[in-house]
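This is a predicted model, so every value here is computed, not measured. Just so we're on the same page: letters track the sequence lines, and every chain starts at 1.
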Amino acid sequence: MAMDTLPHAAGIIGAVVPRIDGSLKTTGTARYAVDHNFPNLVHAVAVQANIGKGRIRSLDASAAEKMPGVVLVMHHGKIDNVYRFYPHESDGTISEARPPFSDDKVYYWGQFVAAVVAETLEQAKAAAASIKVEYEAETPDVKTDLSDFDGERPESWKRGDPDKALASAAITLDQTYVTPVETHNPMELHGTVAVWDGENYTLYECTQGVVNHRVVMSQVLGVPRENVRIISRFIGSGFGGKLFPWPQSSIAASAARTLNRPVKISVDRRMMFSNTGHRPHTQQRIRLGATQDGKLTAIRHDFFTQTSQLDDFVEHCGEQTPFLYSCPNLVVTTGMVRRNVGAPAPMRGPGAVPGLFALESAMNELAEKLKMDPVEFRLKNDAERDEGKNLPFSSRHLKECWTTGAEKIGWKNRTPEPGSMRRNGKFTGLGLGSASWSAARIPCTASVELCPNGRVCVRCATQDIGTGTYTIFAQVIHAATGVPLDRIDVFLGDSSLPEGPTSGGSMATSAVLPAATTATNSAVTRLLHIAASLPDSPFHGMKPENLAISNGRVMQKGDQQPKVVGVSMNSGRQLSANGIPFEEVLKMANLSGITATGKTAPSFEDPKAKQYSLHSYGCHFAEVEWEPEIARLRVSRVVSVFDCGRIINKGAGTNQMLGAVVMGLGMSLFEETVHDHRTGQPINNNFADYIVPTIADLPDLDITFLDYPDYIVNEYGARGIGEIGMAGVAPAITDAVYNATGVRVRELPVRIEDLLKSTIHEA
Amino acid sequence: METFSYVKAPNVEKALASADGAKFIAGGTTLVDLMKLYVETPKTLVDINLLPLDKIEKLPDGGLRIGAMVRNSDLAWSEEVKKSYPVLSEALLSGASPQLRNMATTGGNLLQRTRCMYFREPSAGTPGGYGCNKRTPGTGCAAVDGFNRMHAVLGTSDKCIATHPSDMCVAMAALEAVIHVEGPKGKRTIAFADFHKLPGETPHIENALEAGELITHVDLPKPVEGAKSTYLKLRDRASYEFALASAAVVARVEGGHIRYIRVAMGGVGTKPWRSREAEAALMGKPANEAAFKAAAQAALAKAKPQKDNAFKVELAKRCLVRSLKTATATA
Ligand SMILES: Cc1cc2nc3c(=O)[nH]c(=O)nc-3n(C[C@H](O)[C@H](O)[C@H](O)COP(=O)(O)OP(=O)(O)OC[C@H]3O[C@@H](n4cnc5c(N)ncnc54)[C@H](O)[C@@H]3O)c2cc1C
């Protein structure tokens with residue numbers, strides 16, 4: 001959509017607004033972390049362990065050290081100024097707490113055991129390949145069956161007596177659901193360019209949190225926080241894998257200091273399968289009990305989540321279980337099972353995505369046992385309040401999501417018997433899965449500056465990971481001032497700016513909105529005061545309360561309707577003959593600008609918000625087509641309906657949801673990182689063998705936002721949307737698969753080998 | 001990647017003269033990839049992109065001559081191929097991506113190497129790396145006990161179970177193409193069925209080319225009168241993935257009976273898999289489902305599934321049955 005057809009002023013909130021940084025990306029002007037180059041820059045290349053467990057017996061870098069261009073070889077015992085970060089005792093989070101090269105042990109295949117720094121990338125690669133490492137190798141434990149776990153399994157969310165209720169339930173279901181290791185594969189590889197000036201670090205990173213990155217790296221590098229600056233202006237997406245620092249950042253920074261030269265390091269695609277996180281394998285047993293007429297009486301959700309040897313990452317599969325449905329007896333238990341794999345990391349919808357695959361699959365299976373329609377079964381068990389926290393919901397319209405989606409996909413024509421529906425010679429199947437994700441308002445500070453050149457600058461140390469955060473800020477400023485989008489400069493992705501939120505947990509938008517609004521409003525208030533008090537001002541002597549800013553002009557209230565209508569807002573022409581441009585006021589007052597700061601107070605400190613359960617909801621209805629003759633399954637349609645509060649940018653919002661559904665499709669049918677059982681290597685560590693959907697795999701996608709504002713979360717009524725879109729896709733697809741083929745797949749992804757078990761054949 | 005020297009050959013003679021200890025580079029889509037993975041470490045690359053081998057010509061006997069440098073896209077979209085050898089066009093278009101097909105050549109496609117994940121590991125066949133008899137004879141085969149979902153079920157040996165990945169070659173096997181080569185000892189032709197080698201005890205020997213030999217072109221025999229042909233590829237996703245199972249069929253039906261039949265399969269064999277068993281089961285038989293199923297049974301009778309790929313046996317059967325139906329359909 002062209003900018004000049006956008007709605008004006010407050011109407012821009014909720015519109016389809018093209019990204020203000022879009023052309024920088026499409027023209028290749030946007031510079032990502034490793035696009036930064038400096039005079040004297042050298043290249044670091046890491047060496048990966050090719051065993052999955054054991055000890056380094058010897059490491060021979062003598063050849064590498066003599067190779068052309070090599071300036072530094074780093075390995076165990078040879079890395080300077082890198083310290084341990086204590087994750088639980090400070091305000092930051094790190095992905096892998098063990099500093100790189102800190103001992104001779106190998107905990108997972110691919111762990112960095114050395115790095116070479118050389119004048120050119122090619123020289124560094126060649127030297128890295130010449131390093132000879134000998135190991136005392138042990139057999140790594142990468143078993144996918146997690147049942148051997150005998151450690152602690154803490155209970156949470158317990159209410160009533162689930163075991164007793166299960167024992168006495170009229171109808172029960174007891175099934176185990178498995179999700180594999182899935183690897184984050186954002187387009188942009190992980191990488192760092194580290195610059196050390198003898199006192200200060202500037203790290204060009206691709207991080208989802210510049211503030212957190214600074215907190216962590218100042219500790220890791222042993223320099224004061226104010227001497228570390230993190231820059232991450234553009235990020236080629238992260239999906240959670242770039243939330244917290246990984247070892248390559250420390251390697252580059254250490255080398256930069258040792259050499260006193262800028263150092264660039266990039267983690268290649270192969271390495272990204274072992275060294276920068278993944279969604280861990282989960283194995284979840286769900287037991288449900290219900291009355292004969294379909295009222296839930298018990299839920300037991302016992303899950304194992306695989307994790308690495310040294311860090312304690314847990315995939316919280318049971319997070320949505322306590323409040324999604326009404327049920328008097330419930331418990332969730334967690335088992336953290338260690339394997340020889342790299343540290344897992346949050347991946348889009350962590351916890352909820354695998355957790356709801358299990359819970360929603362079980363709901364679909366139980367509906368079948370009850371001979372009830374799965375939508376009706378859900379409506380019957382819908383929760384009136386959050387029974388886990390015993391709080392009312394701030395805003396929940398899950399029922400409407402189900403009924404709207406059912407209507408759109410034509411659910412009433414669905415027949416539950418497998419293989420009972422056909423179209424154009426193919427069998428079809430329909431399935432359903434629900435989604436939920438928590439909402440919160442996390443702290444944020446932003447500053448807004450009205451500049452004498454007629455531009456408005458907004459600054460915040462959050463970042464745009466590709467989701468549209470730049471544009472959200474511009475929308476807020478435009479809504480409050482009427483200054484056109486092309487006169488608004490948004491500065492993000494720099495830790496030296498006022499502290500903003502990490503882009504994670506779908507919480508950035510709801511956090512930045514209040515801060516940006518408050519900052520804008522207080523800058524405007526100051527402007528109006530100045531306008532009213534300046535002797536030469538046309539508004540001299542008026543009450544500031546009677547003044548306002550509209551179309552970027554200061555004017556009297558009530559005088560805001562543009563007299564010239566139908567002129568585009570960025571045509572350079574004046575929309576209104578009223579008032580005077582705000583920059584004229586600054587000039588009159590001889591001001592270099594007016595700056596104000598706004599803060600978002602977190603919801604966890606807000607007594608009102610604390611009285612509510614804050615979550616977003618949604619559901620997906622999937623349709624698949626099945627050709628048994630050639631065992632071909634394709635997803636033909638996905639209808640998704642979301643209750644995510646008010647959507648601020650319908651364009652970016654829809655884009656998020658489409659992407660999330662496609663990612664859910666990949667999870668359902670394709671994605672699985674396979675570890676070789678002998679070495680522990682992710683053996684399909686490339687895009688030919690780790691498959692994700694292609695355009696040809698995409699079904700018709702239909703996204704609906706219910707758009708009910710949630711004013712408990714913030715004054716815009718906006719919650720977050722990044723994660724929720726992926727939750728619930730997999731159970732919808734597997735249920736549709738069952739409906740078409742008669743095969744229940746409880747272990748993702750759905751593979752041809754599963755479908756060949758189908759006994760549905762041509763009539 | 002190891003350092004190498006680079007020569008651009010202006011003509012066939014110069015290419016052959018520079019071939020000693022070198023590798024020819026055509027589209028480079030396989031070779032450069034494998035050089036980056038240290039699978040191929042040529043000392044010299046002889047670029048053959050200037051050679052005048054980029055034409056598709058009709059032969060006097062009605063056959064078709066395809067230059068070794070004809071790009072996969074050009075071959076797939078050639079009017080002659082679309083009309084007379086649709087199985088070849090369909091096979092080519094089911095492979096890789098448009099960008100790759102624009103670079104990939106006929107000669108290079110014949111020589112593309114397996115996608116076995118263990119073979120492609122940089123350190124395979126070296127001490128401390130995965131065993132790979134293809135990379136270094138005698139080091140074993142890591143795939144046999146490893147993750148082998150994509151591996152072959154036909155033509156394997158205990159030394160190697162790697163699948164031949166090409167789609168084009170499967171169609172050419174069914175079309176009974178003839179490969180023309182030129183080398184230090186002169187020119188010779190190789191029947192398609194004899195070109196690719198079974199792994200047996202020597203999986204590192206993949207084809208009948210001798211040192212320094214250049215593929216100059218591939219001849220297709222005159223199209224079989226009255227025959228229809230088809231290619232079907234089955235895979236996990238809809239596009240841009242190697243076959244789990246594929247089938248190329250050329251068939252002529254007269255009076256409801258099969259009078260001419262050629263069957264080849266991909267994704268399941270250690271070489272492009274011509275199934276004479278299926279052909280024998282079909283020849284002279286009525287073109288019906290029972291005969292197709294019997295042929296599929298015969299084609300896979302000797303299949304030897306591995307730990308993760310037993311499903312390929314059933315999938316290949318279904319693939320073949322459907323292709324036979326398509327190729328023999330009357331309408
Ligand atoms: C991501 C990806 C996906 C792919 N998917 C598919 C697929 O789905 N189906 C499929 O069939 N293929 C697929 N391919 C393989 C592709 O078809 C081959 O890479 C291509 O055909 C090779 O042709 P080329 O000209 O690039 O060969 P090159 O890489 O130039 O050469 C390959 C080999 O052939 C030798 N060579 C080349 N020409 C001659 C000649 N004239 N005489 C003697 N030796 C010669 C070279 O020395 C080298 O050893 C895929 C490849 C990639 C990278």
Side-chain angles (χ1 to χ4, degrees), chain A residues 48-51 68 122 125-126 129-130 132-135 137 268 270 627-635 665-666 669-679 681-699 749-758 761-762, chain B residues 1-3 33 36-38 96-97 115-118 120-124 126-131 142-143 145-150 165 232-242 244-247 289 292 305 307-323 325-326:
Chain A
Q48 294 185 284
N50 69 349
I51 63 163
E122 290 71 22
K125 276 191 177 170
S130 79
K132 302 258 173 303
V133 191
E134 284 185 15
Y135 300 96
D268 69 23
R270 268 169 67 86
E627 283 179 86
E629 202 188 356
I630 51 168
R632 180 176 284 169
L633 182 101
R634 298 283 184 253
V635 179
L665 179 90
L669 302 184
F670 307 130
E671 293 188 45
E672 174 175 13
T673 306
V674 179
H675 293 87
D676 182 88
H677 67 278
R678 298 155 299 186
T679 60
Q681 177 184 6
I683 190 68
N684 57 339
N685 55 7
N686 61 78
F687 276 158
D689 297 314
Y690 183 92
I691 59 170
V692 297
T694 63
I695 295 294
D697 291 291
L698 300 194
V750 177
R751 289 216 188 263
I752 290 175
E753 34 276 58
D754 301 311
L755 301 173
L756 284 169
K757 295 183 194 126
S758 169
H761 293 296
E762 303 303 319
Chain B
M1 194 184 277
E2 302 273 322
T3 11
D33 206 17
K36 289 189 198 162
L37 295 169
Y38 295 87
S97 66
R115 302 294 305 195
C116 171
M117 298 169 194
Y118 297 98
R120 289 170 60 87
E121 265 303 301
S123 63
T126 68
Y130 292 106
D145 297 322
F147 178 56
N148 49 33
R149 179 175 187 264
M150 297 299 288
L232 175 66
K233 179 174 181 180
L234 302 181
R235 45 187 158 183
D236 295 298
R237 68 181 175 191
S239 153
Y240 202 17
E241 191 189 7
F242 290 93
L244 290 170
S246 72
E289 180 126 9
F292 302 156
K307 173 170 62 69
D308 302 315
N309 68 1
F311 76 99
K312 279 193 171 184
V313 178
E314 174 61 22
L315 191 69
K317 287 182 190 171
R318 294 196 194 185
C319 185
L320 193 49
V321 170
R322 168 66 79 91
S323 311
K325 270 193 202 173
T326 311

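From A:Glu627, atom CD reaches atom CG of B:Leu234 across 9.5 Å, with rounding to the nearest 0.5 Å. Separation of atoms CZ (B:Phe147) and CG (A:Asp689) is listed at 8.5 Å; rounding is to 0.5 Å. Distance OH/B:Tyr130 to CD/A:Gln681: 3.5 Å, rounded to 0.5 Å. In this structure, CD1 in A:Ile630 is found 4.5 Å from CZ in B:Arg322, a value given to the nearest 0.5 Å. Taken from CZ in B:Arg120 to CG in A:Asn685, the straight-line distance is 10.0 Å, to the nearest 0.5 Å. Between A:Asp697 atom CG and B:Tyr240 atom OH the span is 13.5 Å, to the nearest 0.5 Å.
Counting heavy-atom pairs under 4.5 Å between each of A:Arg270, A:His675, A:Arg632 and chain B puts A:Arg270 at the top. With chain B as partner, the option from A:Asn50, A:Thr694, A:Val692, A:Ile691 having the largest number of non-hydrogen pairs under 4.5 angstrom is A:Ile691. Your options are B:Leu232, B:Thr3, B:Asp145, B:Asn309, and the one with the most heavy-atom pairs under 4.5 Å with chain A is B:Asp145. The residue among A:Arg678, A:His677, A:Glu134, A:Glu122 with the most heavy atom pairs within less than 4.5 Å of chain B is A:Arg678. Between chain B and the options A:Pro628, A:Pro749, A:Ala126, the largest number of non-hydrogen pairs under 4.5 Å is found for A:Pro628.
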Pair B:Arg318, A:Leu756 - check side chain to side chain contact (heavy atoms under 4.5 Å, CB included), show working. CA-CA 10 Å; B:Arg318 294 196 194 185; A:Leu756 284 169; 3.6 Å; yes

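Around atom NZ of B:Lys36, no more than 12 heavy atoms belonging to other residues, nucleotides or ligands sit under 6.0 Å away.
Using a 4.5 Å cut-off on side-chain heavy atoms (C-beta onward), A:Asp754 and B:Phe311 make no contact. Side chains of A:Leu669 and B:Asp236 form no contact here, defined as non-hydrogen atoms less than 4.5 Å apart.
Closest non-hydrogen pair, A:Ala696 versus B:Ser239, comes out as CB-CB, 3.8 Å.
Using a 4.0 Å cut-off between charged side-chain N and carboxylate O, A:Lys757 and B:Glu314 make no salt bridge.
The side chain to side chain donor-acceptor pair (under 3.5 Å) search around A:Lys125 returns none, not counting sequence neighbours. Residues satisfying the side chain to side chain donor-acceptor pair (under 3.5 Å) test with B:Asp308, not counting sequence neighbours, are none.
Contacts between B:Lys312 and chain A at a heavy-atom distance below 4.5 Å are absent for every atom of the residue. If you measure heavy-atom distances from B:Ala142 to chain A, the contacts under 4.5 Å come from both the backbone and the side chain.
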